[in-house]
Student: 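The structure follows.
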Amino acid sequence: MIVKEFTGDRAKVKSLLLLADSREAIEQYERQGRIFVVMKAEEIVGVVLVLIDEESHAELKNVAVAEKIQGQGVGKLLVQKVLSYLLQEGLNKVTVCTANSSIGNLAFYQKLGFRITGVRVGFFESYDPPVIEHGILGRDLIVLSYDPPLKTD
């Protein structure tokens, strides 16, 4: 599998983006930022949309893997490669956000070295329909930040 920056028609990755966020939310950010994809043969099987601000801060806004290959390490490969690219480019902070109810996402990001650094209380309370995962009502947005390991040269 190959991870690379995607510069093609963004409509080609929209179905994957919809696996990780609502249509309304995606419409607010889909034209911004950089997109990286995982290619398996000639097929795009994973995507991450990265927003970068003026202060060298990157946010992984949407991370998604095709349902048929979830749980096979594709998401891990994608995020690790994108983190490597971003850090090589001199970005000093990378964050990702998810719902308090997204137990799998919280575990996934923490295993990759992200730490919980903030909570936006009540973020999902206006969602209709409400966010419910694993029988948990999604109410708060959890902010996780990646701190690159210290170099010991």
Side-chain angles (χ1 to χ4, degrees), residues 1-121 123-124 131 133 138 140-153:
M1 283 187 264
I2 297 171
V3 176
K4 65 179 186 175
E5 188 161 2
F6 179 76
T7 57
D9 180 5
R10 290 177 180 231
K12 291 182 179 181
V13 297
K14 191 155 188 176
S15 62
L16 280 173
L17 293 173
L18 286 166
L19 293 174
D21 213 339
S22 70
R23 183 174 303 280
E24 296 78 19
I26 290 169
E27 287 172 357
Q28 292 179 14
Y29 63 73
E30 71 180 323
R31 302 234 182 273
Q32 304 167 22
R34 297 166 64 185
I35 293 178
F36 294 86
V37 295
V38 175
M39 304 289 298
K40 184 176 183 183
E42 297 297 315
E43 182 183 6
I44 297 172
V45 295
V47 63
V48 60
L49 191 146
V50 181
L51 296 180
I52 301 172
D53 68 18
E54 314 80 42
E55 299 173 13
S56 297
H57 166 244
E59 180 181 357
L60 306 183
K61 193 68 176 167
N62 187 307
V63 179
V65 172
E67 292 176 306
K68 65 185 176 187
I69 61 166
Q70 288 178 1
Q72 297 179 23
V74 176
K76 178 180 179 180
L77 171 71
L78 176 60
V79 172
Q80 287 176 327
K81 289 284 190 183
V82 169
L83 284 170
S84 178
Y85 294 149
L86 296 173
L87 295 173
Q88 286 174 14
E89 291 176 7
L91 288 143
N92 59 27
K93 184 176 180 185
V94 180
T95 60
V96 66
C97 299
T98 194
N100 64 285
S101 56
S102 298
I103 305 289
N105 290 348
L106 289 166
F108 173 77
Y109 291 119
Q110 289 179 86
K111 287 178 186 177
L112 290 173
F114 285 82
R115 297 181 65 186
I116 296 172
T117 55
V119 178
R120 296 183 195 154
V121 175
F123 184 88
F124 294 104
V131 174
E133 301 168 286
D140 307 321
L141 186 76
I142 307 299
V143 180
L144 298 106
S145 298
Y146 180 78
D147 293 315
L150 296 173
K151 293 184 180 182
T152 56
D153 299 271

Student: For Arg10, look at atom CZ and say whether over 12 heavy atoms of other residues, nucleotides or ligands are found less than 6.0 Å away.
Tutor: yes

Student: Can you tell me how far apart CG (Leu49) and CG (Leu16) are? Round to the nearest 0.5 Å.
Tutor: 12.0 Å

Student: Please set out all donor-acceptor pairs under 3.5 angstrom arising from side-chain atoms of residues 100-109, sequence neighbours excluded.
Tutor:
{"residue": "Asn100", "atom": "OD1", "partner": "Arg139", "partner atom": "N", "Å": "2.7"}
{"residue": "Asn100", "atom": "OD1", "partner": "Asp140", "partner atom": "N", "Å": "2.8"}
{"residue": "Asn100", "atom": "ND2", "partner": "Leu137", "partner atom": "O", "Å": "3.3"}
{"residue": "Ser101", "atom": "OG", "partner": "Glu133", "partner atom": "OE1", "Å": "2.6"}
{"residue": "Ser102", "atom": "OG", "partner": "Thr98", "partner atom": "OG1", "Å": "3.4"}
{"residue": "Ser102", "atom": "OG", "partner": "Glu133", "partner atom": "OE1", "Å": "2.7"}
{"residue": "Ser102", "atom": "OG", "partner": "Glu133", "partner atom": "OE2", "Å": "3.2"}
{"residue": "Asn105", "atom": "ND2", "partner": "Thr98", "partner atom": "OG1", "Å": "3.1"}

Student: Rounded to the nearest 0.5 Å, what separates atom CD in Gln32 from atom CD in Glu59?
Tutor: 10.5 Å

Student: For a side-chain contact (heavy atoms from CB on, under 4.5 Å) with Leu60, tell me which candidate from Leu144, Leu86, Leu51 qualifies.
Tutor: Leu86

Student: Considering only residues two or more places apart or on different chains, which pairs with a residue in residues 33-44 satisfy salt bridge (charged side-chain N to carboxylate O under 4.0 Å, His left out)?
Tutor: Glu5-Arg34, Arg34-Glu89, Glu43-Lys68

Student: Please round to the nearest 0.5 Å and tell me the distance separating atom CG of Asn62 and atom CG of Leu17.
Tutor: 4.5 Å

Student: Run Leu83 and Val94 through side chain to side chain contact (heavy atoms under 4.5 Å, CB included) and show every step you take.
Tutor: CA-CA 8 Å; Leu83 284 170; Val94 180; 3.7 Å; yes

Student: Taking atom CD of Glu30 and atom CG of Leu18, what is their separation to the nearest 0.5 Å?
Tutor: 8.5 Å

Student: Measure the shortest side-chain to side-chain distance between Met39 and Ile44 over non-hydrogen atoms and say whether it is less than 4.5 angstrom.
Tutor: yes

Student: Hey, could you give me the CD1/CD distance between Ile142 and Gln110, rounded to the nearest 0.5 Å?
Tutor: 9.5 Å

Student: Please name the pair of heavy atoms, one in Phe124 and one in Gly138, separated by the smallest distance, quoted to 0.1 Å.
Tutor: CB-O, 3.1 Å

Student: Is there a donor-acceptor pair closer than 3.5 Å between any side-chain N or O of Gln70 and the backbone N or O of Val65?
Tutor: yes

Student: Heavy-atom distance under 4.5 Å between the side chains of Glu27 and Lys14, does that happen here?
Tutor: yes

Student: Search all heavy atoms of Gly46 against all heavy atoms of Leu78 and return the closest pair with its distance.
Tutor: C-CD2, 4.0 Å

Student: Between Phe6 and Val47, is there a side-chain heavy-atom distance shorter than 4.5 Å?
Tutor: no

Student: Once you round to the nearest 0.5 Å, how far does CD of Glu67 lie from OG of Ser15?
Tutor: 10.0 Å

Student: Below 4.5 Å, heavy atoms only, C-beta onward: do Leu77 and Val3 meet side chain to side chain?
Tutor: yes

Student: Does a donor on one side chain sit under 3.5 Å from an acceptor on the other, for Ser84 and Gln80?
Tutor: no

Student: I'd like to check Phe36 versus Val50 (side-chain heavy atoms, cut-off strictly below 4.5 Å). Are they in contact?
Tutor: yes

